Amino acid sequence: MIKPVLGEEEAAAVADVVRSGWVAQGPRVAEFEASFAARMAAAHGVATSSCTTALHLALLLAGVGAGDEVVVPSLSFIATANAVRYVGAAPVFADIDLATGNLTPETVEAVLTTRTRAVIAVDQGGVPVDLDAVRAVCDPRGITVVEDAACAAGSTYRGRPAGAGAEISAWSFHPRKLLTTGEGGMLTTGREEWAVRARRLREHAMSVSAAERHAAAGVIIEEYAETGYNYRMTDLQAALGLVQLRRLDAVVARRRELAARYRKLLGEVPGVLTAADPDCGETNYQSFWILLPDGYPVGRDALLRGLFDAGISARRGIMAAHREPAYEGVRADLPATEVFTSRSLILPLFHEMTPVQQERVVEVVAAAR
Ligand SMILES: *Cc1c(COP(=O)(O)O)cnc(C)c1O
């Protein structure tokens with residue numbers, strides 16, 4: 001559970017953009033792209049309207065199309081799998097590791113075929129996926145690994161920002177994530193030619209951007225070499241994002257502090273497993289989940305009801321796309337995913353949460369057994 005941390009600074013930044021008269025994609029978007037890419041140790045950032053549209057562009061850049069397969073975790077927000085269908089390819093579901101909620105090299109390798117063109121590795125709930133290990137399986141086969149870092153702003157992987165180790169990463173600024181622009185996303189990449197193409201594709205594949213045309217001294221007639229999209233971010237959103245980016249470190253530090261406290265309190269409830277840092281990095285604890293193992297005396301749904309009755313708004317854990325009607329008929333032999341999606345729940349964790357509030361949540365969890 002997450003409440004965006006928004007203040008007067010954000011309000012003032014957006015008001016400035018309104019007064020400037022330029023509200024569409026312009027100088028603020030360019031500034032946000034540069035700042036975000038720098039913070040995430042990426043060479044290039046391309047702002048988009050959402051993470052979903054950034055994932056779509058990422059698959060286009062990777063050359064994925066009809067007849068190709070893309071390996072994705074079923075255990076993710078459904079947009080991860082949907083993006084594969086946008087390019088006419090087939091999503092292939094791989095299982096996850098129960099300790100992290102993420103793909104592993106073994107689960108990926110188990111579903112690779114000669115048609116696999118890309119893998120979308122998700123940092124689920126902010127927990128960094130072991131990207132190097134997944135790439136070790138994929139790189140030699142010419143399979144592009146896209147990192148769905150929607151949840152991972154402020155997480156780290158092997159001492160660097162999460163997302164920095166992938167050829168392309170996609171980020172979300174939806175209010176359910178740690179850093180929000182209302183709606184919005186970003187594609188980061190180390191490859192300049194991909195950044196250039198992504199910039200074009202997000203703006204109708206125009207050869208010259210509207211901002212460049214506006215700034216030019218003479219008349220410029222643009223050209224459209226391929227079918228593009230309108231996946232632009234606005235300067236209003238980017239202004240918000242710039243303030244949010246400055247807050248990121250403090251927000252993550254606070255979440256890690258609250259999560260450590262939860263882990264300590266929950267350590268005294270026998271059997272409950274919790275989100276934690278994996279060996280390969282640190283999570284921003286965007287989602288603080290707990291997992292009730294086999295044989296736990298109370299079921300997940302009963303515990304959710306107990307929390308609800310106590311006035312605590314927890315949520316079911318991460319969804320699994322293969323269980324949704326939209327993916328009926330897609331092969332899914334995913335034992336760990338089944339356990340995770342049906343036995344996990346996400347506890348409330350927000351910036352201003354007090355020790356008393358945390359204790360109350362854990363009391364209800366403990367009393368349910
Ligand atoms: C939130 C989320 C998305 C979608 O992000 P939008 O910005 O809302 O499009 C994609 N993948 C994952 C893993 C997410 O958590």
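For ligands, and for the atoms within them, numbers begin at 1 and follow the listed sequence. The figures here come from the full heavy-atom set of this structure, side chains too, leaving out hydrogens, waters and symmetry mates. Fair warning: this is a prediction, and the values are worked out from it, not measured in the lab.
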Exercise. Could you pull out, from Met319, Lys177, His174, Met186, the option with a heavy atom nearest to atom 2 (C) of ligand 1?
Key: Lys177

Self-check item: Heavy-atom pair with the smallest gap, counting every atom of Thr80 and Leu55
Solution: CA-CD1, 4.1 Å

Exercise. Tell me which protein heavy atom sits closest to atom 10 (C) of ligand 1, plus the residue, atom name and distance to 0.1 Å.
Key: Asp148 OD2, 3.7 Å

Exercise. Determine, for Arg197 against Glu226, whether the closest basic-nitrogen to carboxylate-oxygen distance falls under 4.0 angstrom.
Key: yes

Quiz item: Ser76 heavy atoms, cut-off 4.0 Å: which ligand 1 atoms fall inside?
Solution: 13 (C)

Self-check item: SB check Glu282 Arg158 (cutoff 4.0 Å)
Solution: no

Exercise. Number the atoms of ligand 1 from 1 as they appear, then name those within less than 4.0 Å of a heavy atom of Val122, with their elements.
Key: 13 (C)

Quiz item: Nearest non-hydrogen atom to atom 6 (P) of ligand 1 belongs to which of Ser172, Ala149, Gly184, Ala83?
Solution: Ser172

Quiz item: For ligand 1, which atoms have a heavy atom of Cys151 less than 4.0 angstrom away?
Solution: 15 (O)

Self-check item: Check: Glu268 side chain, Leu265 main-chain N or O, donor-acceptor pair, under 3.5 Å
Solution: no

Exercise. Report yes if some N/O of Phe77 lies less than 3.5 Å from some N/O of ligand 1; otherwise report no.
Key: no

Practice problem: Number the atoms of ligand 1 from 1 as they appear, then name those within less than 4.0 Å of a heavy atom of Ser50, with their elements. | Solution: 7 (O), 9 (O)

Quiz item: Can you find an N or O of Thr52 that's nearer than 3.5 Å to an N or O of ligand 1?
Solution: yes

Quiz item: Are Arg369 and Tyr296 in a cation-pi setup, meaning NZ or CZ lies under 6.0 angstrom from the ring centre and within 45 degrees of the ring axis?
Solution: yes

Exercise. Identify whether the distance between the nearest side-chain nitrogen and carboxylate oxygen of Asp249 and Arg39 falls below 4.0 Å.
Key: yes

Quiz item: Would Tyr327 and His322 count as a ring-ring contact (aromatic ring centres under 6.0 Å, His included) if you check the C-alpha gap in whole Å, the side-chain angles of each, and the deciding distance to 0.1 Å?
Solution: CA-CA 5 Å; Tyr327 288 92; His322 78 274; 9.7 Å; no

Quiz item: What atoms in ligand 1 come closer than 4.0 Å to a heavy atom of Thr80?
Solution: 11 (N)

